[in-house]
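Have a look at the structure below before the remarks.
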Amino acid sequence: MKETGTHALLGGILLAFFVVHFSNWSDAFVQNLDRHHKYIPKALNEINEKFHNELMSFSKEAIKFSQLSETLVKDEISQDKLEKGYIELRESFKKVGFIIEYVDKEAYDKIINGAPLLKLEKKVADLAVLEPHGFQVLDEIMGSDLQATETRQDLVKEAELLSKNVKKINEYLQVHKLSDRHFFEAVRFGIIRAASLGITGFDTPGTLKGISDTQVALKNFDEYLQLYATELNNVNRIGLLDEIQDILEMGIKLTKNEEFDTFNRMKFIKNVINPAYKTVKDIHLALNYETIDEVSRYIQAVNYNAENLFESDFLNSFYYVSLEEDSTYAAKAELGKLLFYDPILSQDNGMSCAACHDPQKAFTDGKTLSLSNTGDALERNAMTLNYSVYATSYFHDLRAKRLEDQFEHVVVSEDEFNSSYEEIIEKVSNSEAYSKRFRDAFPHRKTIKFNDIDYALAAYVMKLNTFDSPIDQYFQGKLKRLPKSVERGFNLFTGKAACATCHFTPLFSGNLPPLFIDTEAEVLGVPEAKQEPWVLDDDTGRINNGVTQDVAKFYVGAFKTPTVRNIELSGPYMHNGVFDTLEEVMDFYNKGGGAGNGMELEHQTLASDPLNLSDREIEDIIAFMNALTDSKRFEKPKDLPRDFEENSINERTF
């Protein structure tokens, strides 16, 4: 009986111990669950609630502004009151615009904030011209003479249409729920947009309110991010919230009461944009939320892991090509380098890619017009290959849609290589050195295929980007300071001179932010010669590129917007090499392009109004452009394969 009692007592003690500790563990487990259920959804729920509320306010402001525009026509309100209403409308838009653009990019571009230019509908069998509508069109109207009857009529029409479209967006997005990943991605795209399209005036072509727009956006980013305080505290990373708040507050201070022409964009990007872009990513990763790279099988153009808009990995070059970043890529690039400099690709073994793309001239040829295989002038000059991979269309007229598609145009051209893939493959197959390189680059091939040549050349061209110019090194923190003339020039280029509204930061090309998946072309009114009166060059450009969906009258005279990087080395300039110096180029733009110089151009995309730049300002802009010259130079291979049976091929030069 004693033993039984002892066992019973011991069992009771153990049971009590277990109950107490299980209860404590259970309470802790439940509390942990409660914490997760309380704080993980909390930020996201509040973010969605804030977005939907501000979306509703945006819709109301659009209706209000539409009504104000109607009363202005009736002379029932002052222009000052209308302008105040427009500012309130823009503020409500900037609070939600970054999310609208992220969730529905197509609607954003078509009806909310598309550029004020005619475009073609892309996903239709027939050609359909899209009339521009949205804030940029409205902004041009608000920046014009509001006393003119026609302007007021346009205002009423555009304001009413915007109101209707915002209502549609509101109805659609009110039921849409953001995830944490979506939110962080949207904020980072919003930061890119602020740097490349906001402070440059692209989004506000009429009123130039981009600086105040950016201030509203920064304040709103801060309000959203503060909602993650509890979550960051729970993972002991609350310091990140203080960090982003300090950065955004600095940005708010820098943009307060700043004028468009005097705003220091270089300082703003260095001290606000880049740090904010990095820190938002740090917050995202600290909270351990999934990223786009973890949920998508497709490569994105913008590398989400990049921390600086001027880093070499900011964009994914593999997004723009059909190549994969695998173990054979280096072998492909080495093969491509040999092929690039080898005249064996041409029929007579006398012309190589490097004939028109000299590495010492930023892969151009320094000629007004490139030369054919007979030494005669071609129709256009050679574009730089530096940074050329970052595009969705190629050649001056945008006729090729992939980097690796360009080569075919040169191969079959009677004026250039005048050859064929069959002939090239037959020749290189007779070299064991080349055959081995092809086997290394394409190990799963039994024979050399046509596109092996394309892919090898593309792999080499993909490597012609160094992002090591003084401008890059400054933003990367490798250079402490730049000459004052360069700083002034950067601020003019991205501000008063409006250069960056076509040559977008940070590529300074026509690849459109914030997604960088659309390459633009511009109608500038380039003359055929420098003699005045100027006569329009007869090259019609994009409209005759052979692409069916580019047959539109507003593409007459449209040419691809190239990068300004390494422009110091790539003259003469324009598709026809009409300008020998950067001073001549700047004079052309300063006068308003072709239309500003008296030509009749119905669809010039460059503003025809003079920029009124002084000689000193032009000098500063050129100083900035020269500071975009890369430090690294690319060299030719030491030699070419010379193990052919034919001595005439072995004796070819390069």
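No experiment lies behind these values; they were computed from the predicted model shown.
With Asn316 contributing its side chain and Phe318 its backbone, the two residues share no donor-acceptor pair below 3.5 Å. In this structure, the side chain of Tyr387 does not engage the main chain of Val564 through any donor-acceptor pair within 3.5 Å. Proximity of a side-chain donor or acceptor of His357 to a complementary backbone N or O of Met383 within less than 3.5 Å is detected. Checked by atom type and distance alone, the side chain of Asn386 never pairs as donor or acceptor with a backbone atom of Thr466 at under 3.5 Å. Checking side-chain atoms of Asp397 against main-chain N and O of Arg399 turns up a donor-acceptor pair under 3.5 Å. Gln300 places no side-chain N or O within 3.5 Å of a backbone atom of Val302 that could act as its donor or acceptor partner.
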Discussion item. Evaluate Phe407 against Ile424 for side chain to side chain contact (heavy atoms under 4.5 Å, CB included), listing each step before the verdict.
Written reply: CA-CA 12 Å; Phe407 183 58; Ile424 293 170; 4.3 Å; yes

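Heavy-atom contacts from other residues, nucleotides or ligands closer than 6.0 Å to CD of Gln360 number more than 12. Atom NZ of Lys401 is surrounded by more than 12 heavy atoms from other residues, nucleotides or ligands within 6.0 Å. A 6.0 Å sphere centred on CD of Glu414 holds no more than 12 heavy atoms belonging to other residues, nucleotides or ligands. The local environment of NZ in Lys270 is crowded, with over 12 non-hydrogen atoms from other residues, nucleotides or ligands closer than 6.0 Å.
A distance of 6.0 Å or more separates the ring centres of Phe340 and Phe634. A ring-centre distance under 6.0 Å is not found for Tyr474 and Phe490. Taking the six-membered ring for Trp and the full ring otherwise, the centers of Phe314 and Phe516 sit less than 6.0 Å from each other.
In this structure, Arg188 satisfies the cation-pi test against Tyr277, with its NZ or CZ atom closer than 6.0 Å to the six-membered ring centre and inside 45 degrees of the ring normal.
Residues passing the ring-ring contact (aromatic ring centres under 6.0 Å, His included) test with Phe450, sequence neighbours excluded: Tyr421. The salt bridge (Lys or Arg N to Asp or Glu O under 4.0 Å) test applied to Arg642 returns Asp639, not counting sequence neighbours. By the side-chain contact (heavy atoms from CB on, under 4.5 Å) test, Glu185 is found to be paired with Tyr102, Arg181, Ile292, Tyr304, residues two or more places apart in sequence or in another chain being considered.
For residues 321-349, the salt bridge (Lys or Arg N to Asp or Glu O under 4.0 Å) pairs, not counting sequence neighbours, are Asp342-Arg652. Legend: ring pair (Phe, Tyr, Trp, His ring centres under 6.0 Å) pairs involving residues 563-585, not counting sequence neighbours, sorted by first then second residue: Phe559-His575, Phe579-Phe588. Residue pairs meeting the salt bridge (Lys or Arg N to Asp or Glu O under 4.0 Å) criterion with at least one member in residues 416-433, sequence neighbours excluded: Glu432-Arg439.
The shortest heavy-atom contact between Leu378 and Leu369 is O-CD1, 3.4 Å. Nearest heavy atom pair, residue Ala362 against residue Asn566, reads CB-CB, 3.7 Å. Between Ser393 and Thr519, the shortest heavy-atom contact is N-OG1, 3.8 Å.
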